[in-house]
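This report refers to the structure that appears directly beneath it.
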Amino acid sequence: MSTNNNNNAVNESLNFLEEIIEADLASGKFDRILTRFPPEPNGYLHIGHAKSICLNFGLALKYGGKTNLRFDDTNPVTEETEYVDGIIDDVRWLGFEPAQILYASDYFGQLYEWAKVLIEKGKAYVDFSTPEEVAEQKGSPTTPGVANQYRDTTPEENLALFERMKNGEFPDGHCTLRAKIDLSSPNMHMRDPYLYRIKHAHHHRTGDKWCIYPMYDWAHGQSDSIEQITHSICTLEFIPHRELYDWCIRELGVFPSKQYEFARLSLSYTVTSKRKLKQLVEEGHVSSWDDPRMPTISAFRRRGYTPESIREFANRIGVAKRDNVIEMSLLEFCIREDLNKKALRRFAVLHPLKVVITNYPEGKTEWLETENNPEDPTTGTRELAFSRELYIEQDDFMENPPPKYFRLSPGGMVRLKSAFIIRCESVEKDDAGNVTAVHCTYVPESRSGQDISGLKVQGVIHWLSVAQAQKAEVRLYDRLFQVEDPAAEEDFKATINPDSLKVIENAWIEPALSKTEAGEKFQFTRLGYFCVDPDSTEERPVFNRTVTLKDTWQKEVKKSR
RNA sequence: UGGGUCAUGGUGUAAUGGUAACACAGAAGUUUUUGGUACUUUUAUUCAGGGUUCGAGUCCUUGUGACCCAACCA
């Protein structure tokens, strides 16, 4: 686990949450810590949730505590078990094991009892006003709210009414239970917030047992309290809820969990809003929640990101209270850094150009050794077939090269990686003038590892022997959006990148790549990191491009344009 | 003349009254049979004004700006 350990150097700086925890531990306020990750099961988890997961689990790990996974399932109409399963998978895939997997719905009984306690104290009442009336009565941030007739109902009557609500005697929306707090509070959340609403809906866990469901504010803090969560960490937009969170716990006299807030993650060139992500899926802009262009955890997994890279990313972005936008390049750095060490190198030619070695005997094949990963010699070597007809990348040949182009061009020489130096003698063209093949001669004494040719070439390119090459589908992904902050657009979908996915139906791969399993990761030498997609079959392997290699030449080309 | 949160290089995050640093990104270079990796060098930062102090990114004050809050969502 890449999470920090507490035996680090003394001067290692702490983030604001670590400071709070260390102070709480030092003062004896707590002798252990318990955090929780509380997703609502109404969608798949995205990279922003990954930040929260790494934070909550990471903090617990650092201070010898634990973390619960608790589903905030208080709204039966939007929540589904499909999402519950996906979320559990994602948390485990990231590398964290919850101390307990719990549900806010487990506490519906207790929450109901506590609501009655509040009513008995005269701190809650059943309100028959419409949502419009309530909004009206609440006033505005600049004008105080006004009380309605229901606010003065006696506890006895409220108790009876609340029981009738629970018993299903009223239709949806007929009335609500509201806390009786302060209608003139500058904090709108304290102006008699809703505690319960009526929904005759089937719940994914409690079935039809309940027709009244607690609101977030009545469920969350108490759930924390029941579990004895010490540090309840959430995002900034919940700051105004904290006063209410504390009020509920105080009125009930239960375990005083405390809420702390941090700034959620924003990633450039993407959206992290469940609503928007759901739209992308439902309207078919992407194929699924785990379409590799999505910023969901499951999509990153399918695309070829490792859990280690995402945890490293979470560590590097840090945590604070100010709004932030993280550049995609940091995430890409993290996955390249990880895969550079782990991924075996393989040759693949995505856009083939045929090369004929005119001085190489027809029918001859020799096997040349090449390294599996220069970063890790323990991964050994493999053999590559070499013969008269080869494929190279179209990009690696130019008839009229610009300055500093050191790949193949007429009359020029280049090294075929782990093989021989070749010289371009002539080109074949079709009627339209496109180069269809390149004729070269090779230098027999330039064989890699036994080069006595004395020749020096600048360029090294990858290649494949035509006879042994096998076909594969390769999916090239690019950013889904063309603008840095799609969410700020009038219509974020109008900024979708039309080239976010390019499918290469007929790419060539080396034989060593033909038997792979979904999820396996490779570096296609000089091209990038690729991951075997679950769509892969034995007859037709499918690879997803996780990320390209850093390409300073491409940058150079773009600059000169 | 509602309340709240936050302001440090392009982007993030540190510096806890004592030399503004680290990473990513950018630029230049060395090495290299991946124009990758590694390594070296380098550009660039405290929102503004006032105050306290020997000394302020940090404390006080006044502004300015951004974001959040008036769902029977979480």
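Chain A is the first sequence line, chain B the second, and so forth, proteins listed ahead of strands; every chain is numbered from 1. Below, all heavy atoms of this structure are taken into account, side chains as well, without hydrogens, waters or symmetry copies.
When Watson-Crick and G-U wobble pairs are counted only if both distances are under 3.5 Å, B:U64 pairs with B:A7. For B:U53, there is no paired nucleotide, since no Watson-Crick or G-U wobble pair has both relevant distances below 3.5 Å. B:U40 is paired with B:A28 under the criterion used here, namely a Watson-Crick or G-U wobble arrangement in which both key atom distances are under 3.5 Å.
The nucleotide whose nearest atom lies closest to any side-chain atom of A:P374 is, among B:G26, B:A15, B:G36, B:G36. Distances were taken from every side-chain heavy atom of A:P141 (C-beta onward) to each of B:A70, B:C72, B:U37; the shortest belongs to B:A70.
Side chain A:H189 to base B:A71: no donor-acceptor pair is found below 3.5 Å. Scanning atom types as modelled, no donor and acceptor separated by under 3.5 angstrom connect the side chain of A:R526 and the base of B:U34. Judged by atom type and distance alone, A:R345 reaches the base of B:U34 through a side-chain donor-acceptor pair under 3.5 Å. With hydrogens and angles ignored, no donor-acceptor pair closer than 3.5 Å exists between the side chain of A:Q458 and the base of B:G35. For B:G4, the base has no donor-acceptor partner in the side chain of A:E237 [N/O atoms by modelled type, under 3.5 angstrom].
Atom C1' of nucleotide B:G35 and atom CH2 of A:W553 are separated by 8 Å, given to the nearest angstrom. At whole-Å resolution of the value, CG in A:L236 and C1' in B:A66 are 12 Å apart. In this structure, A:Q523 atom CD and B:G35 atom P are separated by 10 Å, rounded to whole Å. In this entry the distance linking CE of A:M190 with P of B:C68 reads 22 Å, nearest Å. For the pair A:N324 CG and B:C6 P, the computed distance is 14 Å after rounding to whole Å. If you take CD of A:E327 and P of B:U13, they are 12 Å apart, rounded to a whole angstrom. Rounded to whole Å, the distance from OH on A:Y194 to C1' on B:A74 is 16 Å.
Note on A:Y405: a base of the nucleic acid sits closer than 4.0 angstrom, heavy atoms only. Residue A:L549 is classed as a base contact, given a heavy-atom separation below 4.0 Å to a base. No engagement by A:T78 is indicated, since no non-hydrogen atom pair under 4.0 Å with the nucleic acid exists. A:F333 comes within contact range of the sugar-phosphate backbone alone, with a heavy-atom separation under 4.0 Å but no base atom that close. Across all strands, A:K274 comes closer than 4.0 Å to no nucleic acid atom at all (heavy-atom distances). Residue contacts shown for A:T235 are absent, as no nucleic acid heavy atom lies under 4.0 Å away. Using a 4.0 Å heavy-atom cutoff across all strands shown, A:P38 reaches no nucleic acid atom at all. If you check every strand for non-hydrogen atoms under 4.0 Å, A:K404 touches a base.
In the model, A:E79 has no side-chain atom that pairs as donor or acceptor with a side-chain atom of A:N42 under 3.5 Å. For A:E369 and A:T381, the side-chain atoms include at least one donor-acceptor pair closer than 3.5 Å. Under the 3.5 Å distance criterion, with hydrogens and angles disregarded, no donor-acceptor pair is assigned to the side chains of A:Q458 and A:Y405. Residues A:S232 and A:R36 have side chains that bring a donor and an acceptor to within less than 3.5 angstrom of each other.
Between A:E510 and A:R345, no side-chain nitrogen of the basic residue sits less than 4.0 Å from a carboxylate oxygen of the acidic one, so the salt-bridge criterion is not met.
For B:A74, one of the phosphate oxygens OP1 or OP2 lies less than 4.0 angstrom from a side-chain nitrogen or oxygen of A:T74. Checking the phosphate oxygens (OP1, OP2) of B:A14, no side-chain nitrogen or oxygen of A:R316 falls inside 4.0 Å. Between A:K321 and B:C67 there is no side-chain polar atom (N or O) within less than 4.0 angstrom of OP1 or OP2. Side-chain nitrogen and oxygen atoms of A:R242 include none within less than 4.0 Å of the OP1 or OP2 phosphate oxygen of B:G4.
For NZ of A:K321, the number of neighbouring non-hydrogen atoms (other residues, nucleotides, ligands) closer than 6.0 Å is greater than 12.
Screening A:F162, A:W218, A:Y213 for a ring pair (Phe, Tyr, Trp, His ring centres under 6.0 Å) with A:Y112, the sole residue that qualifies is A:F162.
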